[in-house]
Amino acid sequence: MVMTGPVPAAMAAHALARFGFGAGPGDLARISNDPKGWVTAQLEGSPPGPPPQFADHPGSAPRLLEVLAVRKLGQTDEAMARRKALQEAYRSDIVTRTRIAAGSDRPLIERLVQFWSNHFTVSTQRGEVAPLAVAFENEAIRPHVLGRFEDMARAAILHPAMLVYLDNAQSIGPDSKAGQKRKRGLNENLGREALELHTLGLHGGYDQDDVRALALILTGWTIDRQDGDGTAFFNPNTHEPGPKTLLGRTFQAEGAAEAPAAITMMANHKGTARHLAVKLARHFIADDPPASAINALERKFRDTGGDLGAVTATLVRLDAAWADPLAKLRSPNDFLTATLRATQLPADDKQLANALNLLGQMPFAAPSPAGWPDRAADWAGPDAVVRRVDWSLALGQKAGGKLDARVVLADTLGDLADAELVQMVARAPSPAEALALALSSPAFQRR
Amino acid sequence: MHRRHFLGAGLAAGLLAASPLKVAFADAATDKRLVLIVLRGAMDGLGAIAPYADPEYRPIRGELALAEPGQPDGLLDLDGRFGLHPSLAPIHGWWAERQLLAVHAIATPYRERSHFDAQDLLESGGAKPAGQDTGWLNRALAQLHGHGSGLGLALGQGVPLVMRGAVPVASWAPSPLPEPTTDFLNRVMDLYQKDKVLGPALSAGLGIADMAQNASSSGMMEPGQPRPKDRQLMATTAGRMLADPAGPRVAVMDMQGWDTHVGQGSIKGRLPNALADLAEVMGRLREGLGDAWGQSVIAVVTEFGRTVRPNGTGGTDHGTAGVALLAGGAIEGGRMLGQWPGLREDKLYEGRDLAPTTDMRALLKAVLKDHLGVSGRALDAHVFPDGKNVRPMADLIRA
């Protein structure tokens, strides 16, 4: 790699790759007058609403009710059929999500949605989560990507999908009414991950006592498995009574008010500002981002009380975002989305879901609550790289002669494609191999 | 045409010579094999290997306690004090063959309870989670013949931290994608020639893919049999690749699903399912290794143990000490090792966890030193530089 910044002519392709999913036909010409303006304009105007493609989505509550109803049916034929329908619903959700990202005219918003939903990971490793996952993103993440972090944190941590995924739905205060009656009790899982992953971060200034205190504060926040409405609710009978001390602040016995207040405090903790600044800079700038970039984001987060619109505006104006070359390896999900945008190839739901799976990044299937990793070393395993190449060729073969890879290359990478690449694509022995070379190329693999 | 031919064809030879990478898998000096299985999420050590003779075991484990050996759904006895979870029955016979041993109350130097920090430290081999970007297994490979070139294999698409570092390693997972032509791969290789990330990864991946193809086609799939699950296929194929005289020698494999906060279960539940899966993988590795089993060690480790008492939701929360397993024809097995700290309230770490009495690095160092032949000096200087005062365990490996 030649480590110099993009030439001015490559600025449009650079902007689309760094802050979107790369260019599709016409994108480069459309924004080439003012690539930076194209990026910043996406942060202005109305906050991102629900995508029209999800207009008919039932949302998390009906999905959760169905999950619970199916559970009660046991192993009957009807249960199997309805369970399968729920799996289909998940698959349809993630495919639609991928298409929305690929086709968006505000791709930065989709990048932010995916970044933050990965930050607040819910994973299909817990089977009940799958039918709720995209609804979780639409309800708890999307509305807040340009809003306040504390609002997103409260919505995400207290969302039914999260309460189920990290076991809080079953956690019971040992001294609560229910805890005294039954032999059930506390589960620390959400309390720990909310501190470690969602807010302060490792070494952000909390200890085991804080983990337990937050777990106690969170008791009561659950779902009703018997006759609820599918939303999260606060059950005073399972909430731990008495005061709890979290991060030096004592929460008097305030019942349902404790958890939102605690999350608000955590969201505005100085450790959180640092933790999020590092993650944002790593995601959008470089695996090892410059300290100046991290510091600028951290300062803006603190100065604005966690205003993510303002923090993102700072991010897209960072010198490093424009002067430094595209050095991030695309994740499999970004690679697939960029391929869809670049080629505009039609793919049916099954093909898309299979591709996500084959490339190793089924949405909402992260192996742990830490979410998908975000460095090249995590995605550049030898087998993973071979797979991208194999898959690119298989796609080229499917696309047959429908696409001229030289045009795709010019439309997508523009001046980011060097003369050698242009020549290799032009000289490829078949249209299939030409397209596969363009998609496999180091330039297309970067963002 | 097999991909190995692509690598051997000389077309790529100039390319490979230009990089520090070599992917020829021949010529390994050692005939020893090592498979490291990393159980991510923290396996409950007391669930896997239960101290049934400890008087505190039954009262403190409550709903998670298992019946004594000989009773219905009972533990499988190991040494009159400890019993194996019945889901590990497929490897119970290895104990009598002296090809399985366990170290209880073992832990890394990490004393907090974050999965992510703990895994970082388990894999980097450091004393503090400090974001090191190389793993102890890769640093150990560098000490082997040919500086470890061609010896390392990660099972899965990616390479976990423990296997990352200066020594190029391969990774492999079963894939249904068709194999491109040699000509096409050479073109891609040309494109990747100057790319420090993609170039080495592609050549390592192509070399191993060919070997895997040979390994998985050698009589494994009986006609009419259902296709084995990917992980099982991966384990058998990995065993065969390791058994290949020209194959890799050291492999790492991840298994997920051990973070049993809820529904852990005693006889049925998440932990029994995960343990059954582990036993299946170990059995398939042995099957794949075939005659090489006698020169093999499988080491099973996890980032920490779990709370001694059940939590409030039929599971266990993050703890401290746990259990590690060694298996293989090369070990001196049939023994429970490590000092048992007991389960009395005052013996627990911070009143909740099994207290650590063995440093994980003592086990790992012993395997590297006595099995793979890494010198004590190299272990201290390069592999575990933060663990110089941790003495390797003695007599784990058959003389």
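In what follows, every chain begins at residue 1, and chains take the letters A, B, ... in the order their sequences are listed. Every heavy atom of this structure was used, including side-chain atoms; hydrogens, water molecules and symmetry mates were not.
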Is chain A contacted by the side chain of [X], its backbone, both, or neither, given a heavy-atom distance below 4.5 Å?
X      : result
B:D183 : side chain
B:D117 : both
B:E112 : neither
B:R270 : side chain
B:R113 : both

Please check this pair: side chain of [X] against backbone of [Y], looking for a donor-acceptor N/O pair closer than 3.5 Å.
X      : Y      : result
A:R387 : B:A173 : yes
A:Q170 : B:G312 : no
A:N187 : B:H261 : yes
B:S171 : A:D383 : yes

Give the member of [options] that has the highest number of heavy-atom pairs under 4.5 Å with chain A.
options                        : value
B:Q256, B:R164, B:E350         : B:R164
B:V159, B:L191, B:L161         : B:L191
B:G314, B:P310, B:P160, B:G315 : B:G314
B:D254, B:T181, B:V262, B:T316 : B:V262

Check the pair B:Y192, A:S440 against side-chain contact (heavy atoms from CB on, under 4.5 Å), reporting the backbone distance first and the verdict last.
CA-CA 9 Å; B:Y192 285 9; A:S440 302; 3.7 Å; yes
Where do A:A394 and B:L177 come nearest, in terms of heavy atoms and distance?
CB-CD2, 4.4 Å
Any salt bridge between B:D195 and A:R446, counting N to O under 4.0 Å?
yes
